[in-house]
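Have a look at the structure below, then the notes.
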Amino acid sequence: MSFMRARVIFLARVRLAVAFVSAWGFEVLAAMLLGGLFIQKPQYLWALGAHFFSAASFLTVTAKPRSIPGIGYYYPRVAAMLTFFLPGLGIVGVTLTMFGLRYMKSQGLAEEYKEKSFEDEVFNVEVPTDITSFLLDEIDVHPIADILAGEDVPMKRGAVNLLRRIGSAEAVALLRKSLSDSNAEIRFYAHTALTRLEEDYVRQIEDSRFKAERFERPKSYAELAMTYRNYSRSGLPEVTMRQYYLQKSCEAWEKALEKDPGNLEYRLKLAEEYADSGRYDESVKIYRNTVLDPEAEMESRLGICRAYFEQGDYESFFREVDDLRSRPVPEGGDPYRMLVYNFWMDREGQYEQGA
């Protein structure tokens, strides 16, 4: 959907550029008629008509105010008004203004407030610390699936709205499935929910990118990396785009580490993101360097096991598990990681509560 949005914006820019070319053509024609360059004497009515068509060229750019408010609606109308009421000067001023917008930044109170709110915002990394709440998040969409499989349209409509608020990958999968529902109203609500979810992520990415580029701070790049990561895991982008945003997340974590090389949390997150994007060797390399830190030992050793397992290097994986079994239980493991640790440490196929 982000691709479709980008295509709509591109087409709006093309239409606006064509309107500018057409407006300039009519305005030049009006000046030539007024100066008598085509004929021996000025033709005021023809010149006025050409000037009118110059302003009207901008009105051919039509879009709903909420879809593309800038280049698709307000800019063309302001350009038409200035061109009509300020012959010659209007179109020159509008053209210079439109070109200048690409290099100008607002310095008003709204922009200052936005920057301050971004600057003071606290970055928090979301990591599940309660296995019960984690499992509940994973299964909370299954009762909704039963509702969507039924025939009660009001209940299904409420279920779609609830899925939009949940926004998890499982919720997105159910919303995509609802796009082929037999009821047209449910299909419409599902499409609207997916569109709004996409717009929410796009807005978050734009805000995080603005903050990172504006302040050049480690936590700003860390927030941008988390935003890319959350979008890639949302179920909204396709496989190729998911890899793209995982790569963008890795780049943002690398930037954060470049600004704050000693940050252990950023380093572990980068290793996890490397593993998610299939860069297992780089992930293991980072975990090898962080495994000596008591606070990161469990996460690092589990990360190494995961990287070897997903890579298909089972020899190295079993060797790493045997080494892990020969060591005391690492400290600092939250309930979620302890569950994974106990799973790998289960020798006889019987679950043991280690720690």
Side-chain angles (χ1 to χ4, degrees), residues 1-15 60-74 126 128 130-208 226-249 276-278 310 336:
M1 292 185 182
S2 58
F3 170 76
M4 294 175 62
R5 176 71 175 172
R7 184 172 181 272
V8 170
I9 295 175
F10 173 75
L11 291 176
R13 289 174 175 169
V14 170
R15 286 194 292 267
T60 60
V61 182
T62 57
K64 294 181 180 180
R66 292 184 61 184
S67 59
I68 313 177
I71 59 176
Y73 186 82
Y74 293 111
E126 298 178 1
D130 184 357
I131 187 62
T132 303
S133 63
F134 173 76
L135 291 175
L136 287 176
D137 289 341
E138 294 297 312
I139 66 175
D140 60 358
V141 298
H142 292 287
I144 302 177
D146 296 334
I147 296 176
L148 293 174
E151 300 296 332
D152 191 330
V153 174
M155 287 287 291
K156 292 169 74 173
R157 185 169 60 243
V160 168
N161 290 332
L162 181 58
L163 289 173
R164 184 257 185 274
R165 289 195 293 271
I166 294 174
S168 64
E170 292 79 9
V172 170
L174 287 179
L175 287 172
R176 290 190 185 280
K177 187 176 180 180
S178 298
L179 292 175
S180 58
D181 193 273
S182 58
N183 187 278
E185 184 180 4
I186 300 303
R187 294 197 300 270
F188 171 76
Y189 271 87
H191 176 76
T192 303
L194 287 170
T195 301
R196 289 181 177 175
L197 278 173
E198 185 81 31
E199 290 175 350
D200 289 344
Y201 275 111
V202 170
R203 183 168 57 253
Q204 291 174 19
I205 290 174
E206 290 176 351
D207 290 345
S208 298
M226 288 296 295
T227 306
Y228 282 134
R229 169 187 175 273
N230 292 338
Y231 179 56
S232 68
R233 297 184 179 185
S234 67
L236 289 168
E238 302 297 334
V239 176
T240 54
M241 292 305 297
R242 179 179 182 273
Q243 286 298 121
Y244 169 79
Y245 283 106
L246 281 174
Q247 177 61 31
K248 297 296 288 185
S249 179
D276 286 343
S277 57
E310 293 186 359
Y336 176 71

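In what follows, residues are counted from 1 in the order of the sequence shown.
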Under the side-chain hydrogen bond (donor to acceptor under 3.5 Å, both in side chains) rule, collect the residues that match up with [X], sequence neighbours excluded.
X	result
Asp152	none
Arg165	none
Asp181	Lys156

Using side-chain contact (heavy atoms from CB on, under 4.5 Å) as the criterion, list what pairs up with [X], not counting sequence neighbours.
X	answer
Tyr244	Met241, Lys248
Ser249	Ala225, Tyr228, Arg229, Trp253, Glu273
Glu185	Val153, Arg157, Asn183, Tyr189

Rounded distance (nearest 0.5 Å) linking atom [atom1] of [X] with atom [atom2] of [Y]:
X	Y	atom1	atom2	result
Arg196	His191	CZ	NE2	11.0 Å
Ile166	Leu197	CD1	CG	10.5 Å
Ser178	Ile186	OG	CD1	7.5 Å
Asn161	Leu175	CG	CG	9.5 Å

Which heavy atom of [X] sits nearest a heavy atom of [Y], and at what distance?
X	Y	answer
Arg242	Pro237	N-CB, 4.0 Å
Ala159	Ile147	CB-CG2, 4.0 Å
Leu174	Ala145	CD2-CB, 4.0 Å
Ala193	Val160	CB-CG1, 4.2 Å
Leu246	Ser232	CD2-OG, 3.4 Å

Item to check | For Arg233, salt bridge (Lys or Arg N to Asp or Glu O under 4.0 Å) partners two or more places apart | outcome: Glu272, Asp276
Checklist entry - Ser208 side chain to Ile205 main-chain N or O, any donor-acceptor pair under 3.5 Å? => result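 Here the side-chain-to-backbone pair does not exist.
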Next on the checklist: When you measure from the side chain of Arg187 to the backbone of Ser182, do you find a donor-acceptor pair of N or O atoms at a distance under 3.5 Å?
Outcome noted: yes
Checklist entry - Relative to each other, are the rings of Tyr201 and Tyr231 parallel, tilted or perpendicular (30° and 60° limits)? => result tilted
Next on the checklist: Assess the residue pair Ile144 and Glu170 against the criterion (side chain to side chain contact (heavy atoms under 4.5 Å, CB included)); give the C-alpha distance rounded to whole Å, side-chain angles, the decisive distance to 0.1 Å, and a yes or no.
Outcome noted: CA-CA 11 Å; Ile144 302 177; Glu170 292 79 9; over 6 Å; no
